[in-house]
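Working notes for the structure below.
To find a chain, count down the sequence lines: A is the first, B the second, and so on, and within it residues start at 1. Only heavy atoms go into these numbers, but all of them, side chains included; no hydrogens, no water, no symmetry mates.
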Amino acid sequence: MHRLLAMLWLALLLGAACYLIAGWRDSAGRVDTDLLALLPRDERRPMLETALKALAAQGERQLALLVSARDDATTRRAASEVREALAGLGLTEQGAGAVFPGDFYFPYRQGLLTVADREWLATATPEAATARALNLAYALFTPSNVPWQSDPYGFFGDWLKSLGEATPLRPSNGELMLEHDGRPYVALTYALPQSAFAGDFQQKLVARLDAARDRVHALDPQAHFLAAGVVLHAAAAARQAEGEMSLIGLGSLLGTFFLIGFVFQSARALKLIAVSLVSGTVAALFAAFLLFERVHAVTLVFGVSLIGVAVDYAILVFAQHLGNEEPVWERYRRLLPTLGMVLLTPALAYLALALTPFPGLKQMATFAVCGIFGAWASVVCFYPYLLPATLPLPGNAGPVMRLLARWPRWRNTGKCWGLALCLAAAMAGGLAQLRTNDDIRGLFSGNATLMAEHRQVADILHLPSPAQMFLLSADTPEALLQNEEALIERLRPFVAANRIGGYEAVSRWLPSEARQRQARVLRERLRVSNARIGEELELSAGWDEEASSDGVLTADAWLASPVSMPFRALWLGAMPDGEGSAPRHASMVLLKSLADRDTAAALAGLAHAIPGVEWVDQTREISALMARYRELLTQTLLFACLAVPFLLYPFFGRRVWRIVVPVLIAGGATLAVMGYLGIPLQLLSILALLLTLGMGIDYAIFLQARQTHAHTLLATTLAASLTLLSFGLLALSGTPALHALGLTVTLGVALSWLLTPVFMQKN
Amino acid sequence: MKTSPSWFAKCLFAALTLCLALPSQAADLLAEVRARLVLTPVTQGEFQQTRQLARIKKPLISTGRFLVVRDAGVIWENLAPIEQTMRLTKNEILQTGDGGTLMRLSTDKEPVVGIINDILFGVLAGEFETLARRFTYDGKVEGDTWRLGFKPRDANLARLIETLSLAGGRDIEQVEIRSAAGDVTRIEFKAQTHANEVSAEIRKRFE
């Protein structure tokens, strides 16, 4: 029976390994370094989900560069240098040679009016209108490429000019240029040939960009070279993840093999450790690549830190064999229930991670549970075959064991209680200072320098921010555009008061048919002045007819034209709105440089005033979600603390308190230390405490389950120190989320390990 | 004092290297024309503007007076048949008529305005080097008179202006602007006078 199970497990492992090896190249391309992918998605709002995806897809393959040198000519030279440096990468340059909006909109011009002209037209007298047109006719020059007769009042010219306000970039001798702070800038925008997350390409691109930067600085040491793009963050994240994986992985592996080799001095023991580590890795990777379309680099970094946890089982098993002369199978049978129990607690703790709505944490949980299970299953299945008949009591472990045997023990004495009270007071002091922080930005922030550069580029190019936006929906495209126009009407005072820098909306480029009709109706007011102008300029009767016979611009026509290209991401089109209901048309309105929180609140208020408009404040919503889950998980944690004693009672009877108390104190003390150090409590700290609870209880179970305390203590000490090593290394991670996780677990495990022997029963 | 000729030569050499980017024969042409022009800080006079709008038979003839202050800008006053004034300064184009401000285009809001500003100033004040940055040119000089034709270098500018032509002697006497849209403006300057001092009164008009 056991042999069959072992064979089955071996076959499974081999199969999984083959799967991984066969798909290796493909899998490497599926490693994701996008920190945003770790953020939760709001399943209750499928439309928002699609909106964000569309924005991400639009942004993912974009790379924007800004080059500026001392003068116009040098700046242009610098831009050519950059172009040369990036040649051959397969990048597609965009922007230059773009479509001229004027050509596309010309046939629809009768329906297009700026706000100012609409207002002017509503009140203008025939005299004023005649004067306006004649002034333009007699002017020295018309600053648009439309003949006077096609736009006698200049309305179309004004409208085109208003489009220009959407971006400061202007074509100039083949470059897209702008002026910022008195400096000339050339903007180079590129579309990447492949996903921003393809590893090889990323590194190649970053190297070329560095070369381009050097060339620009060689031209003018004071030159500005700014780059922004998801790909840069992805490359930085990949580099960081790679470095951290090798640091944590190498550190943990070396530590593991050194300590185990030193303590047990058995090659077979090392073999079993290696087998359990390899099977854990195979199981975890297999599950991750099978279940997830993209595996995040942060998951892998976190996964590497599980080495310290995965070796625990093997170590605990070895400990039972030290100086034990029983036949291997005999020992095995006696150990099996304990082994089952110790799998359960950490697995349950990691499963709690999977309950959160954070895709990143779900993936980490899956990875962890499968990895731990893999390591455990190999220990359970293979150890009767791999383990030596007996492990000699190691000579060099003697001093360690003697030290542990002299560990302070809890006694029911006044001195102990006094000490306990003092410690409790100190803990209460720390807990009182504990703050919470659910700001998502603190958790999944990217590289700070890159972020600053990104912000600078967004600022110079007047790019809207995707962090806050309006999401609009309606039954028809026309109704949607009308909603947008109603919203923009209310946004205008915010722009005038400088509370927002501006907005980006489809209706700016594609007025609703109602608005176009309104413009035509307003133009009816020009009949008198048209006649007078005709007389004045000796125009043939009906000269204004040609101008008014053209068509209405529809969403379909607009979407079909390249003119809509930069704004298509804002137009989400028809999309399902929950199950069973008819599809709705949706769009986004993005904002530029939002001034402050008060403005955000006022804007949120606007959404209530217009039907079908929703205010989306991603950072805030995710932070609120984090807070909600922090509270939920705190309750889970408290519940687990209460439930564990009952679960363990059947096995340990009244000794249960010896298992639970040290772990609970360790948890409380961890929180207290965080309070004193000013580390805020957040979702991940709670999760880390859950993990600590799982691991701490494991150690305690092992210590209580066997009477050979000294050996087991040695094993737990080893296990704990390897876990400490792994998570301690994880605390060095530059990803704040992993740093928080590593730090809390390190603290918690260290304290559990120090405290557990204190409550051990005396032999 | 002894060093001054060599200093001058160096400057000249520097200027020449700067000009190397342009066709050298053409650079000479601009210099030749400039040498014939009387360029003083202030030039003013009268103009007759004939505008031939695309598809419209009647030529729109207007007359008025102009004022060029080299370091400040241009004031272009249409007096008949309608009254309107266009003022070009470094940062904006301001058009005023009997109804008050008709149009105010500022360079910081709309960079194209800066280009239009440059071109109009180049044409009306004889700043040919400014024009040469954006236009290719040819022309000829015969005795005291000259003729210059400009074509945009940049495709985007070509969508606005087809050609610029200038002709004159000591002063710029004729200007023709052909817009890409098909409107043609011809300007004849008359009664031009020059001054070396910018009076306070004139200065005030540019404030």
Side-chain angles (χ1 to χ4, degrees), chain A residues 72-73 96-98 100 102-103 120 124-125 127-152 154 157-158 160-162 164-165 167-180 182 184 533-534 536-540 543 546, chain B residues 21 47 49 51 53-58 60-62 64 66 74 76 78 80-84 86 88 93 95-99 102-103 105 107-117 119-120 123-124 133-134 152-161 175 177 179-183 185 187:
Chain A
D72 198 84
F100 289 96
D103 296 349
W120 182 87
T125 58
E127 289 72 31
T130 311
R132 178 169 171 149
L134 288 179
N135 271 310
L136 288 176
Y138 279 99
L140 176 63
F141 184 73
T142 316
S144 87
N145 67 337
V146 179
W148 176 87
Q149 196 182 328
S150 301
D151 185 29
D158 287 351
L160 286 178
K161 211 169 74 210
S162 79
E165 285 160 17
T167 163
L169 286 173
R170 294 293 175 267
S172 159
N173 282 332
E175 299 283 8
L176 275 177
M177 298 195 70
L178 67 94
E179 220 183 272
H180 182 81
I533 294 161
E536 183 80 29
L537 302 185
E538 296 167 18
L539 301 171
S540 50
W543 70 277
E546 170 251 354
Chain B
F47 70 82
Q49 172 190 311
R51 230 179 155 202
L53 296 174
R55 285 176 293 157
I56 293 173
K57 271 196 216 100
K58 183 186 174 183
L60 307 184
I61 300 167
S62 52
F66 72 96
V74 175
W76 190 260
N78 262 315
I82 55 169
E83 274 184 50
Q84 67 172 329
M86 180 178 73
L88 298 178
I93 300 177
Q95 249 185 322
T96 46
D98 44 34
L102 293 173
M103 184 173 69
L105 298 171
T107 42
D108 50 309
K109 264 191 153 174
E110 187 46 62
V112 138
V113 174
I115 298 171
I116 294 171
N117 212 340
I119 294 168
L120 291 181
V123 168
L124 301 175
R133 282 217 315 260
R134 302 186 191 278
R153 292 177 189 273
D154 177 32
N156 291 314
L157 189 55
R159 297 176 51 82
L160 215 56
I161 295 167
V175 170
I177 305 172
S179 83
D183 300 339
T185 308
I187 304 160

| query | Taking all non-hydrogen atoms of both residues, which atom of A/Ser150 and which atom of B/Arg55 are closest, and how far apart? | reply | OG-NH2, 3.1 Å
| said: Does any backbone or side-chain atom of B/Ala180 lie under 4.5 Å from a heavy atom of chain A? Answer side chain, backbone, both or neither. | reply: neither
| remark: Bottom line for B/Leu157: the part with an atom under 4.5 Å from chain A's heavy atoms is neither
| query | Which heavy atom of B/Lys58 sits nearest a heavy atom of A/Glu536, and at what distance? | reply | NZ-O, 2.9 Å
| task | Find out whether A/Pro147 and B/Asp183 are in side-chain contact, i.e. whether some heavy atom of one side chain is under 4.5 Å from a heavy atom of the other. | result | yes
| Mind checking whether B/Arg159 and A/Asp103 have side chains closer than 4.5 Å, heavy atoms only? | yes
| request: Against chain A, label B/Glu83 side chain, backbone, both or neither, depending on which of its atoms sit under 4.5 Å from a heavy atom there. | output: backbone
| said: Report which part of B/Pro152 has an atom under 4.5 Å of a heavy atom belonging to chain A: side chain, backbone, both, or neither. | reply: neither
| task | Please check if the side chain of B/Lys57 supplies one atom and the backbone of A/Leu537 the other of a donor-acceptor pair under 3.5 Å. | result | no
| field | Engaged part of A/Ala137 at the chain B interface, taking heavy atoms whose separation is under 4.5 Å | value | both
| remark: Interatomic distance, CD@B/Gln84 vs CG@A/Leu134, rounded to 0.5 Å, equals 9.5 Å
| Can you say whether A/Glu127 sits under 4.5 Å from chain B via the side chain, the backbone, both, or neither, judging by heavy atoms? | neither
| remark: d(B/Leu60 CG, A/Tyr138 OH) to nearest 0.5 Å is 4.5 Å
| remark: Whatever's closer than 4.5 Å to a heavy atom in chain A on B/Leu124 counts as side chain
| task | Give, as side chain, backbone, both or neither, the part of A/Leu140 having an atom under 4.5 angstrom from any heavy atom of chain B. | result | both
| request: Would you mind checking which part of B/Ile93 comes under 4.5 Å of any heavy atom in chain A, side chain (CB onward), backbone (N, CA, C, O), both or neither? | output: neither
| Just how far is it from atom CD1 of B/Ile56 to atom CD of A/Gln149, taken to the nearest 0.5 Å? | 4.5 Å
